[in-house]
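Notes to accompany the following structure.
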Number of protein chains: 2
Amino acid sequence: MSLRPGIAFLADCPALLAMEIIASKWSMVTLFALTDGPLRHGELVELSGGISRKVLTQTLRRLQANGLVERHAYAEAPPRVEYSLTDLGRTLEEPIRMLTAWARENGEAVVTFREAAQAARTIEADQATLVKTPHVDENPSRF
Amino acid sequence: MSLRPGIAFLADCPALLAMEIIASKWSMVTLFALTDGPLRHGELVELSGGISRKVLTQTLRRLQANGLVERHAYAEAPPRVEYSLTDLGRTLEEPIRMLTAWARENGEAVVTFREAAQAARTIEADQATLVKTPHVDENPSRF
DNA sequence: CCCGAAGGTTACCTAGAGGTACCTGACGGC
DNA sequence: GCCGTCAGGTACCTCTAGGTAACCTTCGGG
């Protein structure tokens, strides 16, 4: 231990537990969608790029149970339910916004890289089946 | 659709795919650990607060396959392998740092809230069992 | 009286995350 | 030889995230 200072904190529990809650695709998306103001269940489904209603409900309940999101149900004619960030949730706005901005800016690059790597691995595998090359170096994908 | 402008992008695919890769507890922890410089496998295990060696390897391979992390194996006496961020991975430094800082600052608050809510629900449930006996027959009318 | 909308819940299923335990393989020290 | 280190790989297991599909409830409208 005691490598570079300021890293070892990773083992500290509450931070890791908090990470466990927010560090999921749907938590991120949901929290981000709420950074611009309260939204209804149906609106969140539309905005979130494919989340199912069940999973959205689960996600919201989890965020609610951890004090990041509030649920307001209005006793109206067509039942209306709005979700919004709590004060604690609002402290997440900036980090989430930055991460989302990163995903928007670099998502394409990631996908491009992944596909190139995939293609490279495929070719490599083809060569391996043709000639069993000695193949010493990295990428220990067995022969 | 067409609610507040600038939200609907969430449905856009590459961003969502990128989110899927980095938005996991161990990806976050691993990437954060690497923001301060290259680290070896064993160092990452120690720093990451409980990740198993198998899962660390899986996580690193996934990040590597998506162009965020590089693996350098040195052919030395005791095999040495170092992992570092790629240029693309380095663009994640700031977002990850912010999120990690948030987790460190607010992890305690989240855990506190969760435990309070848990206690409240327990009391509520106790009252329900005391007052509401006919909980049994609330099964869905199956026919 | 049935329909549709809104916001759920429930049952059922699969895929993947993640853990433990044990094996490999090259080296160095004894 | 035998043991220990480092970075894995593999087998096997469990648990949950997440998806589909169906049903419920309350309302107003036709």
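We use all heavy atoms of the structure for the numbers below, so side chains are in, but hydrogens, waters and symmetry mates are not. We name chains A, B, ... by the order of the sequence lines, and we start the count at 1 in each one.
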(request) Please report, rounded to the nearest Å, how far the C1' atom of D:dG9 is from the CZ atom of B:Arg71. (result) 12 Å
(message) So, using salt bridge (Lys or Arg N to Asp or Glu O under 4.0 Å) as the criterion, who are the partners of B:Glu108 when residues are at least two apart?
(response) none
(message) Counting primed atoms plus P, OP1 and OP2 as sugar-phosphate and everything else as base, spell out the protein contacts along nucleotides 18-23 of chain C at 4.0 Å heavy-atom distance: B, S or - for each nucleotide, 5' to 3'.
(response) BBB---
(request) State whether A:Arg40 places a side-chain N or O below 4.0 Å from either non-bridging phosphate oxygen (OP1 or OP2) of C:dA6. (result) no
(message) What is the distance, to the nearest angstrom, from the CD atom on B:Glu20 to the P atom on C:dA15?
(response) 16 Å
(message) Count I, L, V, M, F, W, Y as connected when their side-chain heavy atoms are under 4.5 Å apart, and connections chain through other members. Are A:Leu88 and A:Leu60 then in the same cluster?
(response) yes
(request) Could you check A:Leu17 against B:Val110 for side chain to side chain contact (heavy atoms under 4.5 Å, CB included), going step by step and ending with a plain yes or no? (result) CA-CA 9 Å; A:Leu17 291 175; B:Val110 168; over 6 Å; no
(message) Does C:dG7 have OP1 or OP2 under 4.0 Å away from a side-chain N or O of A:Tyr74?
(response) no
(message) Using side-chain heavy atoms (C-beta onward) and a distance below 4.5 Å, is A:Val69 in contact with A:Ser84?
(response) no
(request) Take atom CG of A:Leu56 and atom C1' of D:dT20, then tell me their distance rounded to the nearest Å. (result) 16 Å
(request) Nearest whole angstrom, please: distance from the C1' of C:dG7 to the CD of A:Glu43. (result) 13 Å
(request) Nearest whole angstrom, please: distance from the P of D:dG8 to the NE2 of B:His72. (result) 13 Å
(message) Distance check needed: C:dA26 C1' versus B:Arg80 CZ, whole Å only.
(response) 16 Å
(request) Answer yes if the side chains of B:Ser48 and B:Trp26 hold a donor-acceptor pair under 3.5 Å, and no otherwise. (result) no
(request) Whole angstrom is fine here: how far is it from CG in B:Leu44 over to C1' in D:dC6? (result) 14 Å
(message) So, using salt bridge (Lys or Arg N to Asp or Glu O under 4.0 Å) as the criterion, who are the partners of B:Glu70 when residues are at least two apart?
(response) none
(message) Rounded to whole Å, please give me the gap between CG in B:Leu39 and P in D:dC6.
(response) 15 Å
